[in-house]
Amino acid sequence: MSTRRALPAILASFVALMFFGLGNYLGARQNDSDEQLAALRAEINLLKRRQPAAQGTTGRADESAPAMLADANRAAIVADVKRQLQDEMGLLPLTLLRERRTSFVELYSYDDRGSSNYGTAGYLGNGYFITVKHGVIALDDPEEGRDARRITAIKVRYKGRDLNARVVDSGNADVEVHPGDWAIIKVNQDLELPPLRIDTSYAYDFAEPIFRLGNDYSKGIILSTGYVGQRTPNGLVTCLTDGHPGVSGGGVLNQEGRLVGIPIGRMQGDYRFSFILPVRPEMFRKVPGLPQPEEPAAVPATVG
């Protein structure tokens with residue numbers, strides 16, 4: 001056989017083999033694609049079976065009970081934590097402080113020499129206020145050759161108006177910063193002020209947190225905080241809280257928001273070292289309608 005006649009036969013055989021191999025390759029790819037497509041469909045069907053069914057948003061009473069119980073437990077825990085923080089850090093709720101702030105008013109007095117003084121007074125109800133004696137009665141010694149100074153007018157500021165007040169009772173102080181440096185004054189108008197709650201049995205334990213409200217620098221009632229220091233030999237209490245001019249006669253509150261004392265003075269040259277006069281039942285003897293707290297029982301002396 002000649003070469004010219006064999007060449008077409010060889011080419012034909014090669015083309016046949018090539019198409020045969022391509023057919024097998026494409027068939028295998030098709031089989032792989034079918035298998036992959038089947039696997040993908042099976043996975044999609046599995047995901048569909050796992051997907052939760054949609055439901056309405058209306059609730060049932062038995063379903064909300066666990067959630068409500070959990071909310072109640074959470075609220076109780078939060079309230080307990082807040083209480084513990086208040087006890088440990090000496091905090092007082094803002095709402096209570098703001099309410100007590102409205103129980104204090106600015107106090108102004110005028111003397112027969114044309115001078116005036118300012119301080120603070122705490123409301124007791126029925127038109128009665130407690131303040132310091134030296135704010136409403138002149139305690140300074142008379143100057144040589146002159147009569148003693150006299151207070152001729154006392155006013156408390158209420159809703160932007162100055163109301164006349166008069167002294168109805170006072171302690172036995174003849175100098176400032178004295179255990180008897182207290183006074184009760186009264187106005188004749190009806191006042192919409194919340195009366196203070198009083199605690200005459202407060203122990204003034206060392207480092208107890210206290211809250212002081214007063215008319216600092218005649219700029220309105222301002223809050224200051226501090227801690228109980230020591231008792232002085234004459235029955236006053238020291239503390240480190242702002243003793244600016246004007247705070248005398250204001251209020252010292254304990255952690256329950258009760259009136260336990262009044263600021264009456266400070267150390268000369270130091271506005272932070274203040275003196276507190278603890279409230280006593282005798283201070284309220286002429287305030288009608290006010291519950292008279294009992295004095296703490298005296299501890300009997302031990303003999304022998």
Side-chain angles (χ1 to χ4, degrees), residues 90 92 96-97 100-109 117-124 128-137 139 154 156-157 165 167 170-173 175-185 196-200 202-280 282-284:
L92 200 62
L96 183 58
L97 285 173
R100 293 296 180 270
R101 175 249 176 275
T102 59
S103 299
F104 295 92
V105 297
E106 302 172 40
L107 171 74
Y108 296 92
S109 62
N117 295 283
Y118 56 89
T120 314
Y123 190 58
L124 303 174
Y128 290 86
F129 293 85
I130 186 170
T131 186
V132 287
K133 183 177 181 178
H134 72 259
V136 294
I137 297 176
L139 299 181
I154 303 168
V156 296
R157 186 154 296 170
V167 177
S170 64
N172 61 353
V175 294
E176 297 182 9
V177 194
H178 182 283
D181 193 5
W182 59 269
I184 301 295
I185 61 175
L196 291 161
R197 295 181 299 164
I198 300 167
D199 184 359
T200 60
Y202 186 62
Y204 281 96
D205 292 327
F206 178 75
E208 279 289 320
I210 51 177
F211 306 83
R212 192 275 298 157
L213 292 101
N215 179 24
D216 294 62
Y217 293 108
S218 187
K219 300 301 181 183
I221 305 303
I222 295 176
L223 171 71
S224 178
T225 60
Y227 297 89
V228 173
Q230 304 287 342
R231 279 195 180 261
T232 65
N234 63 351
L236 302 180
V237 175
T238 63
C239 72
L240 289 180
T241 184
D242 295 332
H244 301 142
V247 304
S248 290
V252 176
L253 310 180
N254 63 5
Q255 280 188 277
E256 286 72 45
R258 296 181 180 272
L259 180 72
V260 298
I262 55 177
I264 61 172
R266 60 177 175 83
M267 185 70 71
Q268 187 173 3
D270 188 343
Y271 285 111
R272 286 286 294 169
F273 195 97
S274 303
F275 293 98
I276 298 170
L277 173 61
V279 293
R280 307 187 300 270
E282 68 180 81
M283 299 177 178
F284 313 101

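All residue numbers in this chain count up from 1 along the given sequence. The structure presented is a predicted model; accordingly, all values stated were derived computationally and were not measured.
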Q. Checking N215 side chain against T120 main chain: does a donor-acceptor pair fall under 3.5 Å?
A. no
Q. Which atoms form the tightest heavy-atom contact between W182 and R280, and what is the distance?
A. NE1-NH2, 3.5 Å
Q: Mind listing the closest non-hydrogen atom pair of R212 and I222 along with its distance?
A: NH1-O, 3.4 Å
**Q.** Note, L240 side chain near Y227 side chain (heavy atom, < 4.5 Å)
**A.** no
**Q.** Test item: I184 and F129 side chains (from C-beta on) under 4.5 Å apart, heavy atoms
**A.** no
Q | Interatomic distance, S224 atom OG to H244 atom NE2 [nearest 0.5 angstrom] | A | 7.5 Å
Q) Does the side chain of V279 reach to within under 4.5 Å of the side chain of F284, using non-hydrogen atoms? A) yes
Q: Indicate the atoms forming the closest heavy-atom contact of K133 with A173, along with that distance.
A: NZ-O, 2.9 Å
Q. Under the 3.5 angstrom rule, does the side chain of T238 hit a backbone N or O of S274 as a donor-acceptor pair?
A. no
Q | Closest non-hydrogen atom pair between I262 and G249, with its separation | A | CG2-O, 4.4 Å
Q) Within the distance-only criterion (no hydrogens, no angle test), does the side chain of N117 pair as donor or acceptor with the backbone N or O of G135 below 3.5 angstrom? A) no
Q.
Just so I know, are the side chains of L107 and Y118 near enough to count as touching, which here means a heavy-atom distance under 4.5 Å?
A. no
Q.
Using side-chain heavy atoms (C-beta onward) and a distance below 4.5 Å, is Y128 in contact with I185?
A. no
Q.
With side chain to side chain contact (heavy atoms under 4.5 Å, CB included) as the criterion, how do F211 and L97 come out once you've worked through the C-alpha distance, each side chain's angles and the decisive distance to 0.1 Å?
A. CA-CA 9 Å; F211 306 83; L97 285 173; 4.2 Å; yes
Q: Can you sort out the partners of Y204 under ring pair (Phe, Tyr, Trp, His ring centres under 6.0 Å), two or more places apart, ordered by chain and number?
A: Y202
**Q.** Over all atoms of both residues, closest heavy-atom pair of P179 and L277
**A.** O-CD1, 3.4 Å
**Q.** Check: S170 and I137 side chains under 4.5 Å, non-hydrogen atoms
**A.** yes
Q. Is there a donor in the side chain of S218 and an acceptor in the side chain of Y108, or the other way round, less than 3.5 Å apart?
A. yes
Q | Residues that R258 engages under side chain to side chain contact (heavy atoms under 4.5 Å, CB included), provided they are two or more places apart | A | R197, D199, N254, E256
Q.
Less than 4.5 Å apart, side chain to side chain, heavy atoms only: is that true for H178 and H134?
A. no
Q.
Applying side chain to side chain contact (heavy atoms under 4.5 Å, CB included) to I264 and L236, what does each step give before you reach the verdict?
A. CA-CA 9 Å; I264 61 172; L236 302 180; 3.8 Å; yes
Q. With a 4.5 Å heavy-atom cut-off, do L253 and L213 have their side chains touching?
A. yes
Q. Once you round to the nearest 0.5 Å, how far does CG of L259 lie from CD1 of I130?
A. 6.5 Å
(Q) Minimum heavy-atom separation for G250 and P263, please, with both atom names. (A) O-CD, 3.3 Å
